[in-house]
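Structure first, then comments.
Keep in mind that this is a model prediction, so the values were computed, not measured.
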Amino acid sequence: MQKSLLDIFINDLTLHCDKYLPYFPVYEHFFSGYRNTDLTFVEVGVQGGGSLEMWRKYFGNKARIIGMDIDPKVLERRAENVELFIGDQGDPEFWAEVLPKLGTVDVFLDDGSHQMKHQIDTMLTVWPKIRVGGVYMVEDTHTSYYMDWGNGLLHGHTFMEFSKRLVDIVNLNHWQGMITPETDFIMKNFGDIGSVSFHNSMVTFTKGQAKWLRPNPYPNPLG
């Protein structure tokens, strides 16, 4: 019988890993079907290296496990049989260099800076690389509510508000009414979102088939 992810987290890691316990049922729900497959899994923000060790032990040896972090010291905390890229997720040049090396991604987990612009821009950048049926997950979204981070409940520029505005895309084929710069932007960039799920400090998106992608003449109106 395979160990649960929580069991691996508690008992089997040799490197430091800091994860919020309510995340684990969500991880299991979205990730369990990928165990012992040749998926490509990417995590931004790997700190002590233990999360990559955890994913390696959870997904198995067929998986390609990739980590990204701004701190070069993570290279000294490298789990076995993983790839690491060092760079700033807020730097477009970093993504321009790294994205071609990823190929198509099955699961992408953003546990990086937790800065609003970084979370939004990373999703805009990486979403086209996600495989149909794949998962894009952003954790520690509680920072959207932190006033000392310049955020707060219902503040329009936060990742949580951004995510709420993507919910309607699931029903895109039923939309009626005037197309605005905001809805046009959403259609062009995220017309293939299959589902949006909100959890405690976490938002998860799955990728479906494109319903309607339009040319986008507008700059990003979502912040």
Side-chain angles (χ1 to χ4, degrees), residues 18-23 25-27 29-31 42-45 68 70 88-92 94-95 99 105 107-130 134-208 210-223:
D18 183 16
K19 292 290 186 182
Y20 188 35
L21 290 182
Y23 292 168
V26 183
Y27 290 149
H29 176 76
F30 286 99
F31 298 167
V42 181
E43 181 176 26
V44 175
M68 302 177 182
I70 196 171
D88 181 352
Q89 75 175 116
D91 182 359
F94 170 71
W95 289 112
L99 279 181
V105 176
V107 177
F108 187 92
L109 177 60
D110 185 350
D111 186 22
S113 73
H114 313 318
Q115 298 286 342
M116 303 299 98
K117 181 171 173 52
H118 290 176
Q119 289 175 329
I120 293 170
D121 287 351
T122 297
M123 186 171 177
L124 282 164
T125 300
V126 175
W127 182 254
K129 302 289 287 186
I130 303 299
V135 179
Y136 190 103
M137 184 177 289
V138 182
E139 60 185 50
D140 294 348
T141 54
H142 53 263
T143 58
S144 285
Y145 304 103
Y146 282 4
M147 296 183 68
D148 57 351
W149 283 49
N151 306 319
L153 180 64
L154 302 181
H155 283 209
H157 69 278
T158 67
F159 185 78
M160 287 301 298
E161 292 305 307
F162 172 80
S163 300
K164 292 174 189 177
R165 282 177 278 184
L166 297 183
V167 170
D168 286 321
I169 208 72
V170 176
N171 293 299
L172 175 58
N173 56 314
H174 302 292
W175 283 9
Q176 296 180 358
M178 183 179 68
I179 299 301
T180 67
E182 178 174 310
T183 55
D184 193 76
F185 179 85
I186 291 171
M187 284 190 295
K188 178 181 184 294
N189 289 279
F190 300 110
D192 50 2
I193 285 178
S195 69
V196 185
S197 304
F198 294 89
H199 322 272
N200 187 342
S201 196
M202 182 184 286
V203 185
T204 303
F205 306 84
T206 63
K207 192 160 198 173
K211 305 176 191 70
W212 183 17
L213 297 178
R214 292 166 51 93
N216 177 32
Y218 307 104
N220 179 2
L222 304 186

Residues S195 and T206: closest non-hydrogen pair is OG-OG1, 2.5 Å
| query | So, T141 versus S144: side-chain donor-acceptor pair below 3.5 Å or not? | reply | no
- Query: If you count the non-hydrogen atoms of other residues, nucleotides and ligands that lie under 6.0 Å from OH in Y20, is the total more than 12?
  - Reply: no
Closest non-hydrogen atoms of L166 and V196, given as atom of the first, atom of the second and distance, are O-CG2, 4.1 Å
Measure the acute angle between the ring planes of W95 and F108, then classify it against the limits of 30° and 60° as parallel, tilted or perpendicular. tilted
Shortest non-hydrogen pair, T180 vs T183, comes out as N-OG1, 2.8 Å
Query raised in the report: When you check the side-chain N and O atoms of N151 and H157, is any donor under 3.5 Å from an acceptor?
Result: yes
What is the ring orientation for H199 with F30, classed by angle as parallel under 30°, tilted 30 to 60°, or perpendicular over 60°?
perpendicular
Discussion item. Which label fits Y27 and Y23: parallel for a plane angle under 30°, tilted from 30 to 60°, or perpendicular past 60°?
Written reply: perpendicular
- Item | side-chain contact (heavy atoms from CB on, under 4.5 Å) assessment of E139 paired with L109 | CA-CA 7 Å; E139 60 185 50; L109 177 60; 3.3 Å; yes
Rounding to 0.5 Å, atoms OG1 (T125) and CZ (F94) come to a distance of 11.0 Å
Margin query: Any non-hydrogen side-chain atom of Q89 less than 4.5 Å from a side-chain atom of Q115?
Written below: no
CD1 of I120 to CD of E161, rounded to nearest 0.5 Å, is 10.0 Å
If you apply the rule side-chain contact (heavy atoms from CB on, under 4.5 Å), what do you find for M116 with T143, and how did you get there? CA-CA 8 Å; M116 303 299 98; T143 58; 3.3 Å; yes
Minimal heavy-atom distance between Q119 and F159, with the atoms involved, is OE1-CB, 3.1 Å
#### Entry: F205 and I130, any side-chain heavy atoms less than 4.5 Å apart
no
Value for CG (D121) from CZ (F162), rounded to nearest 0.5 Å, stands at 8.5 Å
Please tell me if the side chains of V42 and K129 come closer than 4.5 Å, counting only heavy atoms from C-beta onward.
no
The reported gap from CG in L154 to OH in Y145 (rounded to nearest 0.5 angstrom) is 8.0 Å
Do I169 and W175 have side chains that get closer than 4.5 Å, going by heavy atoms? yes
Does any non-hydrogen side-chain atom of D88 lie less than 4.5 Å from one of H118?
yes
- Flag side-chain contact, heavy atom, 4.5 Å: D111 against K19: yes
I193 side chain near Y136 side chain, heavy-atom distance below 4.5 Å: no
Within a strict 4.5 Å, meaning less than it, do heavy atoms of the M137 and V26 side chains meet?
yes
Check your understanding: What's the verdict on side-chain contact (heavy atoms from CB on, under 4.5 Å) for H114 and V138, showing C-alpha distance, side-chain angles and the deciding distance?
Key -> CA-CA 9 Å; H114 313 318; V138 182; over 6 Å; no
